[in-house]
Number of protein chains: 2
Amino acid sequence: MKKQKSSPTIKDVAEYAGVSIKTVSRVINDSSEVTETTKKKVLDAIEKLGYRPNALAKSLRIKRTYTIGVIISDIANSFFGNVMKGIENVAIKNHYNIIFANSDENIEKEKMYYQFFIEKQVEGIIIIPAPGSQSYLKKHAGLIPMVFVDRKPKDWDGIVVKVNNEEGAYLLTKHLIEVHGYRSIVFLATELDIDPVGERFEGYKKAMEEANLKVRVIEGNRTIEDGCKAIEKVLFSNKPQAIFGCNHVMTLGAIKATKKYSLEVPRDIAVVGFDDFESGDVLRPYLTAVAQDPYKMGEYAAELLFKQITKNEFIKEKEIIIPVELKFRESCGCLYVSNKVVS
Amino acid sequence: MKKQKSSPTIKDVAEYAGVSIKTVSRVINDSSEVTETTKKKVLDAIEKLGYRPNALAKSLRIKRTYTIGVIISDIANSFFGNVMKGIENVAIKNHYNIIFANSDENIEKEKMYYQFFIEKQVEGIIIIPAPGSQSYLKKHAGLIPMVFVDRKPKDWDGIVVKVNNEEGAYLLTKHLIEVHGYRSIVFLATELDIDPVGERFEGYKKAMEEANLKVRVIEGNRTIEDGCKAIEKVLFSNKPQAIFGCNHVMTLGAIKATKKYSLEVPRDIAVVGFDDFESGDVLRPYLTAVAQDPYKMGEYAAELLFKQITKNEFIKEKEIIIPVELKFRESCGCLYVSNKVVS
DNA sequence: CTGTTAGCGCGTTCAG
DNA sequence: CTGAACGCGCTAACAG
């Protein structure tokens with residue numbers, strides 16, 4: 001008969017050390033008020049038995065899990081990977097662990113994970129909301145601290161850490177119009193009902209309308225290939241002078257389309273976008289873009305969450321805006337030489 | 001006096017519905033063997049009270065947490081983001097949640113998270129090992145199913161899902177030598193004691209030595225800027241004909257260095273590397289690289305883990321090799337036109 | 001088909 | 001300074 005090898009409990013340690021359970025508990029947690037000799041005995045027993053406290057039992061008892069839940073809309077996207085890294089950094093500083101979820105931009109998956117997280121007794125939740133309605137949150141309103149990142153939830157009034165999408169897009173579009181004199185500019189969107197995409201469109205639209213120019217949007221869906229296909233169509237019938245990609249994937253899609261038909265950026269057509277990325281400053285054309293700082297966004301969001309969890313603080317501001325930075329490089333038509341030592 | 005608003009328990013539900021605790025438990029779990037009417041009463045009570053089962057208490061009782069732990073070495077790296085996505089995909093299919101950790105390539109952090117995971121009673125662990133020794137695992141040897149990804153752990157004999165780094169680097173180096181006739185090729189490494197980097201170096205070395213060429217390595221550390229600085233130094237004193245970047249960051253660093261001194265890739269110098277990335281096929285120079293499939297690696301690793309967890313299967317193979325794919329584009333000197341419709 | 005009772009491993013009164 | 005007993009919320013015998 002094979003005896004089930006189960007891990008030693010605090011009781012085993014107590015027996016082995018010849019002390020009571022409480023004493024062991026003290027050594028592990030308080031570490032004070034215990035004689036040095038008995039403390040040593042207990043530590044030896046723990047070592048010998050390979051004892052590890054059971055966090056489940058402890059959490060059940062003290063009603064704290066030291067765990068937060070994080071729902072990311074797409075972890076393969078390096079933008080969100082950086083958000084995650086920022087969150088992790090402040091979580092571990094607060095001695096908290098993270099239960100992770102990838103919603104895949106699917107609201108049903110997000111909802112399911114939210115339920116799991118509640119059942120697992122997380123002490124706070126950070127969400128990058130998927131498109132759709134977050135009204136499922138109403139059921140347990142105010143039950144648990146939450147912070148949203150990058151996008152404002154829909155049908156739910158929550159704290160959100162984001163950038164000024166409208167302003168960023170407005171300024172970059174204005175640059176295209178005023179500095180380079182472009183008059184036909186296409187906005188390449190993914191889905192306009194994703195919060196930041198819509199806001200970026202609004203910024204683009206505002207700049208266009210102020211200059212009495214015609215607004216043109218194309219929805220390009222999610223992948224580089226999708227964006228490429230969407231742009232191909234406008235390259236012949238009514239070729240614009242510039243394309244504004246709503247995120248880095250769409251921007252790359254647009255550039256890919258120009259390459260496909262041997263158009264050169266920015267000579268034949270300009271391409272700019274939201275989101276900077278690591279090769280934007282290295283490969284050609286050097287990308288003109290609105291740069292965000294996702295790592296900082298993650299950190300900030302986590303800090304707001306822990307203010308609620310550990311200090312029980314009430315957060316008045318509902319929207320925290322992290323500044324963007326405009327990177328003027330060559331894909332808009334500017335002259336860019338900062339990479340070079342000699343010209 | 002503020003009454004602590006704690007969530008309702010199964011007992012509250014039972015009382016509200018006028019049945020016993022066990023009946024409620026049955027409705028939640030078995031869902032069988034219960035009269036329709038009482039079932040309805042219980043469901044109503046659950047709805048009314050906003051009851052959510054406490055997974056902690058359940059786990060403590062049944063000794064299963066339906067949770068695995070994942071330690072990623074750097075989640076901001078999109079390669080590992082894709083690994084993570086693959087893991088998540090099969091985890092949720094098995095109805096498992098993930099506790100996430102980012103080790104930041106720091107072995108001490110990895111070790112600390114491993115301890116946390118054990119205390120939180122995870123049923124399995126996936127690790128992308130940080131450089132250093134994984135000997136800390138010996139303490140609780142065989143306690144829990146584990147799978148490693150991308151890199152073999154050190155001082156520990158574990159199952160690892162990886163690619164054939166040596167062969168990939170060997171074939172690409174051979175291509176450089178035989179097709180393009182380059183004779184001076186520099187290998188730009190991060191840290192040679194990171195398992196795959198060392199293996200890639202071996203592949204490069206083998207190809208060089210077979211052709212009686214001189215092996216040259218530079219260690220470039222972690223960022224694009226680091227790689228750039230490291231390459232700058234060899235651009236004047238003894239300029240090589242080609243550079244082999246050990247990963248996509250070093251490859252970009254090398255290209256950045258060439259740009260800085262107005263060298264054109266591949267006309268003045270060729271640059272190739274390990275790891276393909278999303279803009280490698282879109283921006284110039286189109287990158288020649290050894291492409292891995294990180295998503296698949298994550299999926300595979302998770303599948304191996306769940307074979308151990310849910311089917312108690314013993315995994316004989318210690319090394320699972322996912323095939324790589326060589327992408328011959330233009331940065332090596334090849335003619336690349338696949339992107340274009342007309343030439 | 002349903003109710004009672006005893007733990008899961010730990011922290012914490014309340015005595016000693 | 002230490003030990004026994006209880007309970008966190010839930011499931012699993014074992015009865016009824």
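Chain identifiers are assigned alphabetically (A, B, ...) following the order of the sequence lines, protein sequences preceding nucleic acid strands; residue numbering begins at 1 within each chain.
- Rounded to a whole Å, the CD1 atom of B/I28 is 7 Å from the P atom of D/dC10.
- Side chain of B/V19, nearest nucleotide from C/dG9, C/dG3, D/dG7: C/dG3.
- Atom NZ of B/K120 is separated from atom P of C/dC8 by 23 Å (rounded to the nearest Å).
- As rounded to whole Å, 12 Å separates atom C1' of D/dA12 from atom CD1 of B/I10.
- Rounded to an integer number of Å, the gap from CD of B/E119 to P of C/dC10 is 10 Å.
- The distance between atom CZ of B/R64 and atom C1' of D/dC10, rounded to the nearest whole Å, is 17 Å.
- In this structure, A/L60 reaches the bases: a heavy-atom distance under 4.0 Å links it to at least one base atom across the strands shown.
- The ring of B/Y51 has its center no closer than 6.0 angstrom to the ring center of B/Y16.
- Nearest to the side chain of B/I62, among D/dG9, C/dG11, D/dT11, sits D/dT11.
- Heavy atoms of B/I21 sit under 4.0 angstrom from at least one base atom.
- Remark: P of D/dA4 and NZ of A/K11 are 11 Å apart, rounded to the nearest angstrom.
- Judged as a salt bridge (Lys or Arg N to Asp or Glu O under 4.0 Å), and not counting sequence neighbours, the contacts of A/E119 are B/R52.
- The distance from atom CZ of B/R61 to atom P of C/dT5 is 16 Å, rounded to the nearest whole Å.
- Judged by distance alone with a 3.5 Å cut-off, a donor-acceptor contact links the side chain of B/R26 to the base of C/dT2.
- Ring geometry for B/Y113 versus B/F116: interplanar angle over 60°, hence perpendicular rather than tilted (30 to 60°).
- For the 3.5 Å distance criterion, the side chains of B/Q115 and B/Y136 fail to qualify, holding no donor opposite an acceptor.
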